[in-house]
Amino acid sequence: MPELPEVEVTRLGVSPYLVEQRVTGLVLRRAGLRWPFPADLAQKVVGQTVQSTGRRGKYLLIVFKKGTLIIHLGMSGHIRILPIHTPAQLHDHMDIVLGEQLLRLTDPRRFGAVLWHDAADGAIEQYPLLQRLGMEPLTEQFNGAVLYTATRHRKIAVKQMLLAGDVVVGVGNIYASESLFISGINPYTPSSELTLARYKKLALAIQKILADAITKGGSSLRDFVGVDGQSGYFQQNYYVYDRTGLPCRKCNTLIQQVKQGQRSTFYCVKCQK
DNA sequence: ATCTAATCCTGTAGGC
DNA sequence: TGCCTACAGGATTAGA
């Protein structure tokens with residue numbers, strides 16, 4: 001379940017194996033994932049050298065001189081660095097070969113995506129799918145005022161606003177519930193009704209929880225090079241997510257699970273008003 | 001301009 | 001034991 005921290009941890013993990021390395025081959029084992037793979041992808045990347053890696057929201061960027069490879073992990077995707085000629089298994093959809101190693105994309109549910117943009121680094125914001133994305137939460141510019149000003153006419157529940165990604169990116173279903181608990185906000189509150197002061201608390205909660213998750217995930221970066229892939233989210237200690245019917249860690253009230261826009265929301269009715 | 005619902009797909013958990 | 005259904009996840013898209 002990659003949210004922003006897992007994508008960033010992935011980027012940090014694979015980056016040393018990519019940057020300044022030349023792509024020597026590309027293997028596609030199906031026509032595409034969520035969307036078809038770019039038709040001429042091999043021509044675009046094979047022979048090219050990776051300049052840098054980046055991230056925009058939950059999109060992983062692999063930057064070449066002539067363009068940028070955009071990878072989205074969907075909800076079940078993950079990437080590993082493996083020795084060349086490692087046999088592919090079910091759901092291994094793409095290999096980017098770099099000399100003696102390869103970057104392998106695995107995604108059982110195929111909600112992920114592999115895209116190409118014919119412009120290097122700076123111009124990536126022009127890519128259609130990235131154009132409507134909200135602000136990066138882990139930047140100096142992001143704060144409560146950003147949330148406040150963007151939501152003056154938004155009646156949508158604050159939980160669903162966070163998830164929508166057009167105000168702030170990278171907050172998935174887990175961290176939406178968690179950040180609202182930390183800031184003491186009821187997930188049903190219409191976005192336009194929250195005060196600046198409460199949005200300041202929410203913005204700080206989002207930044208802290210995402211940064212902490214990256215730190216924790218970063219401690220298992222080596223997992224991206226090897227057989228087992230997935231990185232250290234197991235020990236995550238959530239306040240409300242997936243704790244339906246269990247006592248709130250602050251007040252012992254039983255945690256409620258509800259549906260908002262087809263998605264589960266977890267919250268404490270006493271701590272979150 | 002906003003918002004809601006449907007959609008993509010597979011693995012897993014729960015009910016019978 | 002095995003079948004069946006519901007659900008989980010992100011984010012675009014179409015429709016209200």
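- In this model, the phosphate group of B/dT10 is approached by a side-chain N or O of A/R110 to a distance below 4.0 Å at OP1 or OP2.
- With A/Y241 as the aromatic partner, A/R243 does not meet the cation-pi criteria of under 6.0 angstrom to the ring centre and within 45 degrees of the ring axis.
- Among the heavy atoms of the strands, none lies under 4.0 Å from A/L33.
- Checking C/dG10, B/dT10, B/dA6 against the side-chain heavy atoms of A/N173 singles out C/dG10 as nearest.
- Taking atom CE on A/M161 and atom C1' on C/dA11, their separation rounds to 17 Å, with Å as the unit.
- Protein atom CG of A/D166 is 13 Å distant from nucleotide atom C1' of C/dT12, rounded to whole Å.
- Each of A/R30 and A/R154 was assigned the nucleotide of DNA chain B with the nearest heavy atom; the assignment lying further toward the 5' end belongs to A/R154.
- A close approach under 4.0 Å does not occur between any side-chain nitrogen or oxygen of A/H72 and OP1 or OP2 of C/dT12.
- Taking a cutoff of 4.0 Å between a charged side-chain nitrogen and a carboxylate oxygen, A/R34 and A/D107 do not qualify as a salt bridge.
- Inter-residue side-chain proximity for A/L129 and A/W35 is flagged as met; some heavy-atom pair is nearer than 4.5 Å.
- Take the nearest nucleotide of DNA chain C for A/Q257 and for A/A164: the residue whose nucleotide is more 5' is A/Q257.
- Per the geometry, NE2 belonging to A/H78 stands 13 Å off P belonging to B/dG11, to the nearest Å.
- If you measure from atom NZ of A/K159 to atom C1' of C/dG10, you get 12 Å, rounded to the nearest angstrom.
- Residue A/R34 is in base contact, counting any heavy-atom pair closer than 4.0 Å across all strands shown.
- Each of A/P108 and A/H153 was assigned the nucleotide of DNA chain B with the nearest heavy atom; the assignment lying further toward the 5' end belongs to A/H153.
- At a cut-off of 3.5 angstrom, counting only N and O atoms as typed in the model, there is a donor on one side and an acceptor on the other between the side-chain of A/R109 and the base of C/dA8.
- Proximity of A/Y59 to the phosphate of C/dT12: a side-chain N or O atom is located under 4.0 Å from OP1 or OP2.
- Residue contacts shown for A/G261 are absent, as no nucleic acid heavy atom lies under 4.0 Å away.
- In this structure, A/D92 pairs ionically with A/R80, as a charged nitrogen and a carboxylate oxygen lie closer than 4.0 Å.
- The CD atom of A/Q260 sits 14 Å away from the C1' atom of B/dC3 (whole-angstrom rounding).
- Counting only N and O atoms by type, the side chains of A/T86 and A/R104 include no donor and acceptor under 3.5 Å apart.
- Atom C1' of nucleotide C/dT12 and atom CG of A/L163 are separated by 14 Å, given to the nearest angstrom.
- To the nearest angstrom, P of C/dG10 lies 14 Å from CD of A/Q160.
- With C/dA8, B/dC3, C/dG10 as the candidates, the nucleotide lying closest to the side chain of A/K155 is B/dC3.
- Note on A/K155 versus A/E193: no salt bridge recorded, every NZ/NE/NH1/NH2 to OD/OE distance being 4.0 Å or above.
- You'll find that the side chain of A/K259 is closest to C/dC7, out of C/dA11, B/dT4, C/dC7.
- Relative to the side chain of A/S264, the nucleotides B/dT4, B/dT10, C/dA8 differ in distance, and C/dA8 lies closest.
- Of the candidate nucleotides B/dT10, B/dG11, C/dT12, B/dG11 has the atom lying nearest to any side-chain atom of A/L90.
- If you measure from atom OH of A/Y127 to atom P of C/dA11, you get 15 Å, rounded to the nearest angstrom.
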